[in-house]
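Structure first, then comments.
What you see is a predicted model, and the numbers here were worked out from it, not measured in a lab. Atoms considered below: every heavy atom in the structure, side chains included; atoms not considered: hydrogens, waters and symmetry mates.
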Amino acid sequence: MFNFLGGYHGGRFEATYRAFPLAFIDKTSAEYGDKVILPPSALDRLASLHIEYPMLFRVANAATGRSTHCGVLEFVAQEGHVYLPRWMMANMLLTEGQPVTFSNVSLPKGTYVKLQPVTSDFLDISNPKAVLERTLRSYSCLTVGDCFVVHYNSRDYEIEVRSAKPGDAISIIETDCQVDFEAPKDYKEPDYAAQAAAAAAAAAPPPAAAGAATGGSGAGAAEEAGDAGPAFVPFVGAGRRLDGKPASSNAPPPAAASAAAAAAARARQSGAGSSGGGSSSSAVTGGAKPGTFVSTGNRLADKLAMDKLQKQAPPPPPPEEEKAEEPAFKPFAGKGRSLRG
């Protein structure tokens, strides 16, 4: 039924075999290439024809009309069988045991090829050029329309051959071939206009903040000034010792003296309004403290007043004010400040 032994056909090799995957003879290492395994009888026929090396073949599936090209790895297959990579069988829609026709061909050396990844995952490879060069070392030819497999980092990436020069089938053995890439089939161009609009919206201030910045700034500035509190003046605190002993000199630095003078000036300005009420009482008493003798200008009256004052009991001493105990000194417990204010 099948021409398993092949034939000459006018100086050309042509034979039909049953196709099986390479896994059937434990040759899975050849899956990532385009080499097939033919029976020993094919080598005898090819040697007698004196064909051109390297040996290249056209593989055709008569049932579907699909074809591709390949090289040969070994001649150790069972007679009547041929073992092909799984991706090659998928391209020709071959099933296990289905007949396939082989014929020897001579392909031109390729000068240009355009490849297209099937999925965008191939773009995640850090150096796709180096990965592709290493993979193509296992291939002898490329055919337009084929999808071969690139194995990298325990993953398989499908690459489709979109175009080639100088023909639809080229040899890539010992040739300087220019390789061009097309965008993956599932690649979507990013919407730069939408990204720019989103970035502008994120950078714009919220409406409430914009209103506060444009209008009603007087009241807001007054409230902020009221909440700000006194301005920070560096180096105005008293000296402390870490061991708790009193410091030898607590004289404030010049900055502290100037800050204290400014505080005293503010206190005088704030107390100017309340000083008027006390002036009337000082005028009535003549500014004298209670228990002191004030001359009236009449010597007799002055003598009587002096005697009366001496007979009176001396006023009790004013109670001493209790000094508030200063809190115990705690090192490194103050609030942090910046010298820049």
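- Residues V179 and K129 form no side-chain contact, since every pair of their non-hydrogen atoms from C-beta on lies 4.5 Å or further apart.
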List the atom pairs, with distances to 0.1 Å, where a side-chain N or O of residues 19-29 and a protein N or O form a donor-acceptor pair under 3.5 Å, not counting sequence neighbours.
none

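- With sequence neighbours left out, E158 forms a side-chain hydrogen bond (donor to acceptor under 3.5 Å, both in side chains) with no residue at all.
- Other members of a hydrophobic cluster containing V118 are absent, since no ILVMFWY side chain comes under 4.5 Å of it, directly or through relayed contacts.
- Contact record, Y139 with T135: CD1-O, 3.3 Å, taken as the closest heavy-atom pair.
- Under a 4.0 Å N-O distance rule, the pair R86/E31 does not qualify as a salt bridge.
- To the nearest 0.5 Å, atom OG of residue S140 and atom CZ of residue F57 are 10.0 Å apart.
- Side-chain contact between I51 and F13 is absent, with no heavy atoms from C-beta onward closer than 4.5 Å.
- Of all non-hydrogen atoms in L38 and A42, the two that sit nearest each other are CB-CB, 4.1 Å.
- The hydrophobic cluster around L56 extends to V105, L107, counting ILVMFWY residues whose side-chain heavy atoms fall within less than 4.5 Å of a member.
- Looking at heavy atoms from C-beta onward, I170 lies in side-chain contact with I172 at the 4.5 angstrom threshold.
- Exactly one residue among D34, T68, V113 makes a side chain to side chain contact (heavy atoms under 4.5 Å, CB included) with L142. That residue is V113.
- In E182, the CD atom is crowded: over 12 heavy atoms of neighbouring residues, nucleotides or ligands sit closer than 6.0 Å.
- Contact detail for Y152 and Y157: the closest heavy-atom pair is O-CE1, 3.8 Å.
- In terms of the side-chain contact (heavy atoms from CB on, under 4.5 Å) criterion, residue partners of V76 (sequence neighbours excluded) are, by chain and number, I37, E74.
- Note on Y32: it clusters hydrophobically with V72, by side-chain heavy-atom contacts below 4.5 Å among ILVMFWY residues.
- Contact annotation: the side chain of M55 approaches that of L46 to within less than 4.5 Å [non-hydrogen atoms, C-beta and beyond].
- Electrostatic pairing of K185 and E160 counts as a salt bridge here, judged by a charged N lying under 4.0 Å from a carboxylate O.
- Every residue two or more places apart in sequence or in another chain was checked for a side-chain hydrogen bond (donor to acceptor under 3.5 Å, both in side chains) with E133, and none qualifies.
- A distance-only check finds a donor-acceptor pair linking the side chain of E79 to the backbone of S41 [under 3.5 Å].
- Legend: residues meeting side-chain contact (heavy atoms from CB on, under 4.5 Å) with D180, ordered by chain and number and at least two apart, are Y112, K114.
- With contacts defined as side-chain heavy-atom distances shorter than 4.5 Å, the pair V36/P85 qualifies.
- Scored by the salt bridge (charged side-chain N to carboxylate O under 4.0 Å, His left out) test, D121 finds R155 as partners (sequence neighbours excluded).
- Judged purely by atom type and a 3.5 angstrom limit, R18 uses its side chain to pair as donor or acceptor with the backbone of G97.
- Looking only at distances, a side-chain donor or acceptor of S48 sits under 3.5 Å from a matching main-chain atom of R45.
- Taking hydrophobic clusters as Ile, Leu, Val, Met, Phe, Trp and Tyr residues chained together by side-chain heavy-atom distances below 4.5 Å, M88 does not share a cluster with I173.
- Y53 and L49 fall within a single hydrophobic cluster, where Ile, Leu, Val, Met, Phe, Trp and Tyr side chains are chained together by heavy-atom contacts under 4.5 Å.
- Here the side chain of K35 pairs a donor or acceptor atom with the backbone of S138 at under 3.5 angstrom.
- Counting all heavy atoms, side chain and backbone alike, E174 lies closest to K109 at O-NZ, 3.7 Å.
- When hydrophobic clusters are built by joining Ile, Leu, Val, Met, Phe, Trp and Tyr residues whose side-chain heavy atoms come closer than 4.5 Å, directly or via intermediates, L93 is not grouped with V59.
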Task: Derivation of the side chain to side chain contact (heavy atoms under 4.5 Å, CB included) call for R58 and T101 - done: CA-CA 8 Å; R58 179 180 182 272; T101 302; over 6 Å; no
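- L115 places a side-chain heavy atom less than 4.5 Å from the side chain of V161.
- Within 6.0 Å of CG on N127 lie more than 12 heavy atoms contributed by other residues, nucleotides or ligands.
- The side-chain hydrogen bond (donor to acceptor under 3.5 Å, both in side chains) check on K165 picks up nothing, with sequence neighbours excluded.
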Open item on the list: Checking Y17 against H81 for the ring-ring contact (aromatic ring centres under 6.0 Å, His included) test, could you report, in this order, the C-alpha distance in whole Å, the side-chain angles of both residues, the deciding distance, and whether it holds?
Closed with: CA-CA 5 Å; Y17 304 99; H81 293 186; 9.2 Å; no
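- Judged purely by atom type and a 3.5 angstrom limit, Q116 uses its side chain to pair as donor or acceptor with the backbone of A183.
- Here the side chain of D186 pairs a donor or acceptor atom with the backbone of S120 at under 3.5 angstrom.
- Two residues are said to be in side-chain contact when any heavy atoms from C-beta on lie closer than 4.5 Å; L73 and Y83 fail this criterion.
- For the atom pair CZ (R134) and NE2 (H151), the distance works out to 8.0 Å, reported to the nearest 0.5 Å.
- Put simply, SG on C141 and NE2 on H69 are 7.0 Å apart, with the number rounded to the nearest 0.5 Å.
- The closest side-chain heavy-atom distance from F75 to D44 is not below 4.5 Å.
- Taking the side-chain contact (heavy atoms from CB on, under 4.5 Å) definition, one finds that N91 meets it with W87, D146, C147, sequence neighbours left out.
- Shown here are the side-chain hydrogen bond (donor to acceptor under 3.5 Å, both in side chains) partners of T64, two or more places apart in sequence or in another chain: N61.
- Under the side-chain contact (heavy atoms from CB on, under 4.5 Å) criterion, P108 pairs with P166, not counting sequence neighbours.
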